[in-house]
2 protein chains.
Amino acid sequence: MEETPESTPRKRISESTIHRLSLYFRALSLLEKENYETVSSKELAKREKLTPAQVRKDLSFFGSFGTRGLGYPVTELKARVSRILGIDRVWRVALIGIGNIGSALVSYKEFIKQGFHIVKLFDNDQRKIGSNHKGIIVSDIKNLKTELHEDNIEMVVIAVPATVAQYIVDDVVEANIKAILNFAPINLKVPPDVHVRNENMAMELEYLSFAMVNNHMPKGAGKN
Amino acid sequence: MEETPESTPRKRISESTIHRLSLYFRALSLLEKENYETVSSKELAKREKLTPAQVRKDLSFFGSFGTRGLGYPVTELKARVSRILGIDRVWRVALIGIGNIGSALVSYKEFIKQGFHIVKLFDNDQRKIGSNHKGIIVSDIKNLKTELHEDNIEMVVIAVPATVAQYIVDDVVEANIKAILNFAPINLKVPPDVHVRNENMAMELEYLSFAMVNNHMPKGAGKN
DNA sequence: ATCTACATGTGAAATGCTTCACAATAGGTG
DNA sequence: CACCTATTGTGAAGCATTTCACATGTAGAT
Ligand SMILES: NC(=O)c1ccc[n+]([C@@H]2O[C@H](COP(=O)([O-])OP(=O)(O)OC[C@H]3O[C@@H](n4cnc5c(N)ncnc54)[C@H](O)[C@@H]3O)[C@@H](O)[C@H]2O)c1
Ligand SMILES: NC(=O)c1ccc[n+]([C@@H]2O[C@H](COP(=O)([O-])OP(=O)(O)OC[C@H]3O[C@@H](n4cnc5c(N)ncnc54)[C@H](O)[C@@H]3O)[C@@H](O)[C@H]2O)c1
């Protein structure tokens with residue numbers, strides 16, 4: 001029953017499980033650097049502030065990767081988690097809006113390490129079109145649809161002002177893109193088969209604010 | 001029973017409810033601009049892709065703000081939600097690490113609108129120390145503890161490389177800061193009374209990747 | 001070959017969150 | 001004033017996620 005190859009799971013996987021898989025991947029990358037050969041659910045849990053049972057249950061949705069009495073083989077588990085997350089390959093990503101946040105994202109090395117290659121940039125500002133960012137020439141937003149298609153882009157990052165984000169996304173959807181990471185603080189309307197994830201930084205600050213004002217205890221406070 | 005002033009709730013409020021309050025705030029700000037006087041839970045739900053029951057239940061944790069048959073008064077509800085979230089005031093924020101992402105955050109106007117005032121910047125790069133960003137002079141990280149204290153900083157944003165983030169945070173904690181927004185992809189260790197929220201962009205891309213590879217239907221697909 | 005220590009994998013229980021469904025009720029209308 | 005319509009506020013039901021607890025299994029020691 002051990003060593004099952006991971007497989008597409010029968011049950012629907014929850015959003016929280018998927019997010020935790022990202023955490024496991026991160027922790028495993030570090031453990032690998034530290035030359036650990038195996039790791040227990042207990043250690044993995046400790047490193048990401050979770051419970052051992054949670055770690056085991058999450059992994060069990062995809063197969064049996066551990067050895068009783070020993071734990072999980074670090075390198076192998078990392079490879080498996082990366083397969084599960086779909087980051088054992090290159091994703092061709094386009095970034096739209098090369099302003100403050102867009103420029104920061106182009107230089108972010110963590111993305112490349114995980115297979116997210118930003119290979120295309122778009123803007124509507126004449127001063128930016130044609131300029132070079134990390135080896136990529138900024139394209140004119142006018143050519144969005146054709147170039148997304150010609151360059152086999154699979155994911156798009158939206159970093160334009162909220163006021164124009166919906167118009168841009170309408171074109172992105174027409175170009176048959178199915179995955180969008182959105183930084184504009186607005187609820188984008190897309191057809192049901194298009195995935196949108198929102199990155200909303202104000203939301204996290206608001207959470208902190210709420211927690212302070214209501215002296216909400218942080219999650220996990222009182223343990224140890 | 002109507003018009004209860006909002007009050008610190010008896011029950012523990014879930015993280016998801018708090019996040020949705022942020023969405024309500026955003027939607028209400030827009031509705032106000034569009035000159036709506038009242039809004040129903042149905043409309044509010046539609047705008048943020050939630051259910052009306054969810055909207056009503058969330059708000060009911062804090063009081064009874066609506067009028068049966070009519071809905072909620074937009075301006076008043078917005079004020080109440082902002083009170084609940086603790087953003088009806090100014091928060092003094094320090095930003096540590098004025099690199100790619102740090103520079104983008106300094107210029108982000110949405111933060112100011114919600115009461116988050118970045119009033120202090122820190123870096124350890126001699127070329128950056130003393131320079132001016134949006135009217136703020138970058139301080140030397142050496143003076144972190146004393147200046148955080150002298151300037152009555154209440155929240156800190158971490159935008160330094162992951163390798164040094166923990167050391168910086170140790171000092172931040174010693175300076176008696178209780179709220180941290182962290183951009184470094186690492187699990188920070190802090191005492192149980194310190195709130196940490198992580199902004200992890202790779203995680204959202206990984207979610208998209210997972211969804212594509214597993215043709216996971218987006219949440220809410222199949223409605224309408 | 002047996003024993004010991006350890007740690008997985010997983011049903012079942014416990015907890016938490018969302019949705020349902022409807023009584024309560026405000027406001028408008030005749 | 002009585003009636004009608006719309007929409008809230010909320011227990012209770014339904015569903016989802018997390019935690020528990022233990023049988024199962026492996027490695028290593030003696
Ligand atoms: N700056 C931040 O720290 C930050 C943080 C979180 C979210 N955001 C959000 O990210 C988005 C961008 O923010 P920013 O601070 O980088 O703004 P910015 O103004 O610096 O950048 C916006 C870029 O989009 C381009 N643009 C505008 N209209 C366009 C169009 N029609 N087609 C193509 N490109 C167009 C502009 O030329 C500019 O380069 C906004 O929605 C903002 O709310 C920003
Ligand atoms: N660039 C992005 O788009 C992006 C996105 C998400 C998360 N992040 C994370 O944000 C952090 C910063 O990323 P970045 O791209 O802005 O990197 P960066 O190298 O551009 O900026 C880091 C800044 O921190 C400063 N710094 C380094 N050591 C310091 C110390 N000991 N004390 C004070 N300041 C110090 C540097 O001088 C620099 O200004 C990293 O942890 C990164 O993983 C970046």
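Within every chain, numbering begins at 1; the chains are lettered A, B, ... in the order of the sequence lines, protein sequences first and strands thereafter. As a basis for the values below, the full set of heavy atoms in this structure was taken, side chains included, without hydrogen atoms, waters or symmetry mates.
Applying a 4.0 Å cut-off to non-hydrogen atoms, the residues of residues 34-47 of chain A that approach DNA chain C are S40(A), S41(A), listed by residue number.
In this entry the distance linking CG of L77(A) with C1' of dT8(C) reads 13 Å, nearest Å. Going from atom CG of L59(A) over to atom P of dT18(D) covers 14 Å, rounded to whole Å. Going from atom CD of Q54(A) over to atom C1' of dA21(D) covers 16 Å, rounded to whole Å. In this structure, R12(B) places its CZ atom 9 Å from P of dG16(C), rounding to the nearest Å. As rounded to whole Å, 11 Å separates atom P of dT10(D) from atom CZ of R56(B). Distance, F61(B) CZ to dG9(D) P: 13 Å, rounded to whole Å. dA21(C) atom P lies 14 Å from atom NZ of K57(B), rounded to whole Å. Atom-to-atom, CD1 of I18(B) to P of dG16(C) comes out at 15 Å; the value is rounded to the nearest Å.
Using modelled atom types and a 3.5 Å distance limit, the side chains of D88(B) and S82(B) yield no donor-acceptor pair. Counting only N and O atoms by type, the side chains of D170(A) and Q166(A) include a donor and acceptor under 3.5 Å apart.
For the side-chain contact (heavy atoms from CB on, under 4.5 Å) criterion with V169(A), the lone passing option out of V190(A), V196(A), V194(A), V160(A) is V190(A).
The nearest pair of heavy atoms linking V55(B) to Y24(B) is CA-OH, 3.4 Å. Smallest separation of non-hydrogen atoms from G102(A) and L95(A): O-CD2, 3.4 Å.
A close approach under 4.0 Å does not occur between any side-chain nitrogen or oxygen of S16(B) and OP1 or OP2 of dC17(C). Y72(B) has no side-chain polar atom (N or O) that falls below the 4.0 Å cut-off from OP1 or OP2 of dA26(C).
No more than 12 heavy-atom neighbours from other residues, nucleotides or ligands sit within 6.0 angstrom of NE2 on H149(A).
Between S14(A) and G69(A), the one whose closest nucleotide on DNA chain D sits nearer the 5' end is S14(A). Between D58(B) and A53(A), the residue anchored nearer the 5' end of DNA chain C, judged by the nucleotide with its closest heavy atom, is A53(A).
The base of dT25(C) lies outside donor-acceptor range of the side chain of R68(B), with no N or O pair under 3.5 Å.
Taking 4.0 Å as the cut-off between side-chain N and carboxylate O, E174(A) and K145(A) count as a salt-bridged pair.
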